[in-house]
2 protein chains.
Amino acid sequence: MISKKVKYAIIALIKLAREHNRGPILIRDIAESEKIPQKFLEAILNDLKHAGILASKKGKGGGYYLLKSPDEVNLATVIRLFDGAIALLPCVTYQYYERCEECKDEETCGIRDVFKEVRDETVELLKAATLSEIIRRESKLERKKQ
Amino acid sequence: MISKKVKYAIIALIKLAREHNRGPILIRDIAESEKIPQKFLEAILNDLKHAGILASKKGKGGGYYLLKSPDEVNLATVIRLFDGAIALLPCVTYQYYERCEECKDEETCGIRDVFKEVRDETVELLKAATLSEIIRRESKLERKKQ
DNA sequence: TATATAATCTACCGAAATTATAGACTTAAT
DNA sequence: ATTAAGTCTATAATTTCGGTAGATTATATA
């Protein structure tokens, strides 16, 4: 499962992507419209800023806005930022690699082999899931519904 | 990430699958050869027994053994047994479904749509990963290595 | 320059989950 | 009767998660 942090981050990012290039949005507005605890969201948006995805402006008329384009931000990046590795085992991650203590030979481990495949598939799908793509999907689902 | 419980469970199951139909194996032997804390492993094997995957025999000459055939036991089942849902969001699980509070309309949620795809792919790969299949892969990787 | 506004930083907190361990109890073989 | 093995219950240490509080800093504007 992804953490609430990631879920909130994605929701906030989608909101900011929809308002892309329309000036800064208040944390409070996002928190209220998306029903996210405000103080919690503050920390999340700040992290996204430090990651170079968002930018902010202080004082009156301030708020947060997307720095990157909505088609440059994907879910793989967001998940890794808050939850760390996407893979289901530490021995199959690129960035958070850790050897299994129990493992006799990593090279010939069948378990690892399976989880490597799972990771590859998952990362591929999550990389393709940019903010633009998610918004496109929502439009499509809405059209389908009517 | 999967829990240590699942990792230990898989390792123990592979071990038992390799010894399939050769009588009961001691918890202690599995714990030692696979470097798993014995008391922890006891609980895990007991859970696998209650799930109908293993059976046990008490007293001298006792131990655990596979009840199901190695090609009937897959990783999706094992993960669900200990860690619960495989999906990354509660709103895309079959067996552990929970509605997102923040969600305005589940039917048209683009985030959900993406994570549903991820789940489908993951479950498919994990279901195909039976104990037999994992052992087959290990042989293959060993041949490849030489 | 004072004031209001809004993000930022630091610290903390409680609950739950995770990863175990200890020890008494039950069952079965010899 | 004795020994060997799994089973059950309770507990404990540690970590993670989700969230809160409050002081501080930066900025717009009147």
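Below, chain A is the first sequence line, B the second, and so on; all start at residue 1.
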Name of the residue among A:Leu67, A:Asp47, A:Leu45 meeting side-chain contact (heavy atoms from CB on, under 4.5 Å) with A:Leu54: A:Leu45

Side chains of B:Thr108 and A:Lys145, donor plus acceptor under 3.5 Å: no

First encountered from the 5' end of DNA chain C, between A:Gly59 and A:His50: A:Gly59

Closest to side chain of A:Leu26, choosing from C:dA6, D:dA5, C:dA29: C:dA6

Distance below 4.0 Å between A:Asn46 side-chain N/O and C:dA7 OP1 or OP2: no

Atom-to-atom span, CG of A:Leu54 to P of C:dA6 - whole angstrom: 18 Å

Side-chain donor/acceptor of A:Asp83 to backbone N/O of A:Ile2, under 3.5 Å: no

Contact pattern, 5' to 3', of nucleotides 14-25 of chain D - B, S or - by protein heavy atom under 4.0 Å: ----SBBBB--B

Rounded interatomic separation in angstrom, taking CG from A:Asp29 and P from C:dA6: 9 Å

Sugar-phosphate, base or nothing in reach of B:Leu45, heavy atoms under 4.0 Å: nothing

Nearest-angstrom distance from the residue atom CD1 of A:Ile27 to C1' of C:dT5: 12 Å

Salt-bridge contact B:Arg18-B:Glu138 (side-chain N to carboxylate O under 4.0 Å): yes

Polar side-chain atom of A:Ser132 near backbone of A:Pro70 as donor-acceptor pair, under 3.5 Å: yes

N or O in side chain of A:Lys60 less than 4.0 angstrom from C:dT3 OP1/OP2: no

With B:Gln38 via side chain to side chain donor-acceptor pair (under 3.5 Å) - residues at least two apart: none

Interatomic distance, A:Tyr65 OH vs C:dA6 P [rounded to whole Å]: 16 Å

